[in-house]
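Indexing begins at 1, ligand by ligand and atom by atom, following the structure's order.
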Amino acid sequence: MNIRNVAIIAHVDHGKTTLVDQLLKKSQTLEDREKIDDRVMDSNQLERERGITILSKNTAVNYKGYKINILDTPGHADFSGEVERIMTMVDGVVLVVDAFEGTMPQTRFVLKKALEYNLKPIVVINKVDREFARPDEVINEVFDLFIDLDANDEQLDFKVAYVSALKGTSSMDSDINTQKPNMDAVLDLIISEIPEPNVELDGPLQFQGSLLDYNEFVGRMAVGRIKRGTIKTNEMVSILRNDGSRKQFRIQKLYSFLGLQKQEVLEASAGDIVAVAGLSDINVGETLCTIGFEEALPPIHISEPTVEMTFGVNSSPLAGTEGKFVTSTKIEERLMREVQKDVSLRVKRVGAGEEWTVCGRGELHLGILIENMRREGYEFQVAKPKPIIKVIDGIEYEPFEYTSVDIPNDSVGTVIDLLNRRGGILEEMNNGMSQTRLIYTIPSRGLIGISTDFMTASKGYGSLSHTFLEYRMIESVDVGSRKLGVLVATEQGKTTTYGIGQIEDRGVLFVEPNTLVYEGEIVGECNKEEDLAVNVIKTKQLGNQRSANKDNTVVLKRPRMMPLEVCLEYINDDELVEITPKSIRLRKKILDTVERKKFDSKRLALKKEGK
Ligand code: GDP
C-alpha cells in the first residue's frame, strides 16, 4: 500500500517546523506556483512561546508515488488523551533531535506513548550543520533514552537520518561531507522503515474519528484513518454512536490532506487519513460503516474534563476599553465554536447569560483557550479553576487522576514531597539508571497549578502526565492554597512612584509606577495573612524642593511578573482574573473597599463560629 502515516515528535526549537517545510519543498508535493510560507506547522504563536505544540495539525507529502501523512503531537500532559488518539492513527514516529542539544526530557512522555503503542521509530538528527554538533554522541543518548523507556528490540534497532533542515540537506551518514541537497534520507526511511497501515482495502467501510475539526462552512468534522473499504462523498452511511444508538447520514464533504491544506476529494481508501463532514454532532470514537454492515471499532477513550472555571463578561471599571469583542453574545459564540473541535471541552451557560461554566482537562487546557481568545481580541473575566465535583446520594466525590512522572534520580525526594503535599498517593516507583518513574494517584485539585512547582522540584528535567482515573470521596486534605493576603488598591488612577514606595515594605508589588489601576484591583501580595487596602496612586505633597528631588531618585524593587497561568492558580474564591488583549489584571469580586471589608468580617465571624 503506498500510504505511510507517521507522527512527528520533537522538543521545541529542535527544528520540527523547518523540517516539515523542507519535506514539503523537496518532495515536490506542491506545484512551484504554490509558494509555502515559512513556519508551516505551528502557526500558533502561543505554542512557540510556551514551548509546546497544542493543536495537532496534519500535513501530507507526496514522494515517489507514496503519500505520507505527518501528524503533529502536542507535548503537554493536559493533552495526553489527544496524543493517544493520534497514536492510533499512525504506524511509526519520527523523532527529531537537535545534533547539539541532544535528547530533552519534555519529549519523553510522547515518545513513551509511541513506544507503548508499538510504533516503529525513526530518528532525525537535525542541525548537523551547527558548530559543535555532536551527532554520534546524540545517537547514543537517544539509544539510552529508548532503553530507559523500555523500547523493544525492533524499536532499538532504529534507523537514523542526519539532516540540516535549515539548508535542506540530508544523509544516512553522520559525516557532514556526505550531505545531499535534498530530504531523501528522511523520506526514504519513512517509506522503508515505517510499516504500511494495518487496514483492509476491500470490504465494507469502517472509519473511526480520532480527532475533531471544524470550519464555518461544513461545521464539525471527524478526522481519522479509514480502517476498511472506501468512503465516498454523497454516500449514505451508518454511524454507530458512542451512546450505543445508530443513525444514517450522507457524507457531505470529504477532505484529505495535501501539503498544508485540506483538499476536497470525492473518495478515499483504507489507510488514508481524512476529515468527514455531514453530521453536525459527530464525535470521536464513533464508527462509520456501510449500511447493512454495521460493525463498531473498539471505543476510543476520551479524557473526561476534570477542571471547571467560570468565564464571565468583564465587569471591571475598565471594561470595554481594551478589547474588540466584549459582549456576552460574542463570548458565547466563541466558546461554542471551540466546543465543536475539542472533545474534552464543555461549556454551559449559567443563569442569565453573563457567565459560563467551562470544563476542561486541566488549567493549562483552559489557559490556552483563554490566551487564544485574548489574542483574538476578546475581553472577559475568569474565576478560580476548580475540580468538577459530583454529588451522589448526598456525598461529594472529586476526580482523581493517574499521574506518571519521570524525573532525574536526584530530585526524587523533592518531587515526592511536592506530590504528597498535593494529596497524592504513591503507587509505584521504578528506578532507572539516571531516571526514576513515579506513579501516583492524585486528586485533580492537587494538579491545579502544579506545573511551576513541579518544574522547580525537578530542576526543569521532569515530565508529568495525567489521565483521569475515577471519582473518589472527598477527603478534606488541604492541597496547598495561598497563605498570604493581597494588597488591594483603594482608588482608581495611575500608580505613582511615591505611592508604591510607601507600601513596598508591606509586601511584593505586581504593578509598576504609571499603571492605570482601579479600586478593588489586586496590586500586590501582602506579607501578612490578611488583605491590605492600599493607596498606590498617592502623590507627595510638594513641601520643599529638596525632598521633591529626593523622591525622583527613589529606586523601587521590580514588580513580580504575573503571567496568566500564575494568575489562574494564584486567585482565591473571592477574586477574579480580568483578561483583555492588552492586560491581565487580578481583582477582588467585590470592588468597593467598604463593602468588601463588611463582607470579609462577616465571613471571618462565620468561620470563627465554625460554620
Ligand atoms: P520547532 O520549534 O521544532 O518547530 O523548531 P523550528 O523549526 O522553528 O526551528 C527552531 C530554530 O532552529 C529556528 O531558528 C531554525 O532556523 C533553526 N533550525 C532549524 N533547523 C536547523 C538546522 O538544520 N540547522 C541550524 N543551524 N538551525 C536550524
Problem - Side-chain donor-acceptor pair present, Asn69, Asn58, cut-off under 3.5 Å - result: no
Handout entry: Close N or O approach (Ala10, ligand 1; < 3.5 Å)
Key = no
Problem - Cationic N near anionic O, under 4.0 Å, Arg225 to Asp91 - result: yes
Practice task
Select one of side chain, backbone, both or neither to describe which atoms of Leu166 lie under 4.0 Å from any atom of ligand 1, heavy atoms only.
Solution key: both
Problem - Of Ile86, Val90, Val93, the residue whose pairing with Thr73 passes side chain to side chain contact (heavy atoms under 4.5 Å, CB included) - result: Ile86
Handout entry: Asn198 backbone acceptor or donor facing Lys227 side chain under 3.5 Å
Key = yes
Practice task
With heavy atoms under 4.0 Å as the rule, classify the contact between Ala165 and ligand 1 as side chain, backbone, both or neither.
Solution key: both
Completion exercise
Any heavy atom of Lys167 under 4.0 Å from ligand 1? The part involved is neither
Exercise for the section: In plain terms, say whether Glu401 and Arg361 are close enough for a salt bridge, that is, a side-chain N and a carboxylate O under 4.0 Å apart. Expected result: yes
Handout entry: For Ser164, atoms of ligand 1 separated by under 4.0 Å from a heavy atom
Key = 23 (O)
Problem - Ion pair Arg334/Glu338, N-O distance below 4.0 Å - result: yes
Handout entry: Among Val124, Val96, Thr18, Val128, closest by any non-hydrogen atom to atom 7 (O) of ligand 1
Key = Thr18
Practice task
Any atoms of ligand 1 less than 4.0 Å from a non-hydrogen atom of Arg130? List them with their elements.
Solution key: 26 (N)
